[in-house]
Amino acid sequence: MRSVTPTNPDSVAIRARRVSKRYGNLVALKGFDLVVPSDRTLGIVGESGAGKSTALAIFAGLVVPSEGEVTVLGRPPGSVPGEVGALVGRPSFPQNARVGAFLEYLAKLQLLPCPKEEVRIALERIGASAWTRLRFLDLTREKQRLVAVAQAWMGSPRVVLLDGALDGLDGRGRELARRVLADQRGRATILVSSDHPDELADVCDERTVMAQGSIVSRAGKDEAGVSNEGAWEGSLGPALSTLA
Amino acid sequence: MDTSAISARGEGIRPWSGKLRQAIVEAKHGTARVLWSARGPSLVAVVALCTALPALAAERGIHTRRAAAEDREHLAEVVVRFYDVDVARHLFQCPRSLETMVILALCFTPIVTLLLAYDSGLWREGDGIRFTAARASRGVLVVSRAATAWATFCVIALAVYAPVGLYEGATGLSPLSTVVTYTALFFGATCCVAAAYVPLWTLVSSAVRSTKMSLALGGLLMLLLAAAHTFVHAKLPDSRWAQILPGSLDQLLLSGRPDRMMAALTLTGGWVVTMLGAASRLSKRRDLA
């Protein structure tokens, strides 16, 4: 197993040190440590309840850690709005709002100079240019999920956090979301989580396995990003078996 | 698909100016959403029924000078039960319908502001909060949501004051300049009192976890403030310190004296900064996922 650790501290996009999160008696994260270099795509896998969503929610500034230290782009999470695109958990859109109008409002809130153009590009990415005038209640849950994926990329943020980005999507939606991931790979620091270990194999530079609120394993490809799936899977084997 | 031409993240924008722009975007979006939803029009209708309609109806039944004089005296007696003599004297000089209007409007201001702002500090999933919270700081969201509630209140107040002012001007019973001056003054006073209440409800909603709790706690606080107002008026009529509460600011605003009105504006500013500062701090500790 080869863990990719940056030598230049400036190239670190996300750093978490001994982070814990408790919800009452439930411990969602404990002693969580992670360093993610800039412009790398990191997959976080683990079964439901492993702490993936909590970790991403902390990086997005949506959840406050109980203990530990977290920085995103060198600053506390939530203090770099506009630099971070996020899809955490299963967020819902205001159902009466029109898709285009709501995304334009988000783009304006992000202080993007050309909100309409950003919305056009975001919807085009997921093959949904015709949805602009539709209300969210006119879209199936799956289509809403695709829009949620698309909004995370608006404004080309430097960090993109996608919690279960491929969950709840059918074949075509999954393919579109994967294509977006592949297109943007190397242009931003991307953290994407999934319950299924194999799902992220071909779209990530590294994979981290979580269980019971901690990282149990981390494996990466070589510096050139050449797929070395056999060795990768081999190195993950023992860690993945702990999830069974 | 070329995205390189688009400069992202508002680069080059100073932090305070960016936050101000974000607050304006959020407030405009929120105000439009409330006014186009069921809440906005229904509140306009209820407030109009409870304030403008009685104000206009009361004047229509008065046909003689004597009846008008008796009516004003009766109204003045009612006013001194709630306000000091300066206020009663000042209100006595203004057109009858506007006097009734401002008294009723100020009575309903706490409840209307509570109905507009009870959820301003709550983070509800259906509002798309996880999308907005990733783009703007919690402080910006709290302030802009309070601004939304206040701006919506001002629109509602304008919608009920304008017909009364127009009616009073059309009857020609008072000089047009007097009607315009008093309509503007009373509208401003009502909006100022609302500006003191809205941050309070925002703070309350930031401290609880559900809309029901927010409404219940807000309602309780509203009753306490009304009781404090009544107590202060009855037992401490000369105490200026007692007039710092939102429920007592109208004593200063309706006095007709510039120094006391300025004091009310300053106190309102103090309330806004203190309450929204506290609400912002509370919201930063809250989990959204």
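Quick note on labels: first sequence line is chain A, next is B, and so on, each numbered from 1. Since the structure is predicted, the reported quantities are computational estimates derived from the model, not experimental observations.
- Not counting sequence neighbours, B:Ser280 has no partner by the side-chain hydrogen bond (donor to acceptor under 3.5 Å, both in side chains) test.
- Heavy atoms of other residues, nucleotides or ligands lying less than 6.0 angstrom from CH2 of A:Trp153 number more than 12.
- Residues B:Phe131 and A:Leu109 form no side-chain contact, since every pair of their non-hydrogen atoms from C-beta on lies 4.5 Å or further apart.
- A:Glu83 has its side chain out of reach of B:Arg135: every pair of non-hydrogen atoms, C-beta onward, lies at least 4.5 Å apart.
- Only the backbone of B:Lys284 comes within contact range of chain A, with at least one heavy atom under 4.5 Å from a heavy atom of that chain.
- Heavy-atom pairs under 4.5 Å with chain A peak, among B:His29, B:Glu26, B:Gln22, at B:His29.
- Looking at A:Phe136, there are no atoms closer than 4.5 Å to chain B (heavy atoms on both sides), in backbone or side chain.
- B:Arg130 pairs with exactly one of A:Leu62, A:Leu87, A:Asp163 by the side-chain contact (heavy atoms from CB on, under 4.5 Å) rule, that one being A:Leu62.
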**Prompt:** Between A:Val64 and B:Asp287, is a side-chain contact (heavy atoms from CB on, under 4.5 Å) present by the stated rule, with each step listed?
**Reply:** CA-CA 6 Å; A:Val64 184; B:Asp287 293 336; 3.8 Å; yes

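- Here A:Lys30 pairs with nothing under the salt bridge (charged side-chain N to carboxylate O under 4.0 Å, His left out) rule; sequence neighbours left out.
- Taking CZ of A:Phe102 as the reference point, atom CZ of B:Arg33 lies at 8.5 Å (rounded to 0.5 Å).
- Environment of CZ in B:Arg281: sparse, with no more than 12 heavy atoms of neighbouring residues, nucleotides or ligands closer than 6.0 Å.
- Residue B:Ala134 comes nearest to A:Ala86 through the heavy atom pair CB-CB, 4.2 Å, listed as atom of the first residue, atom of the second, then distance.
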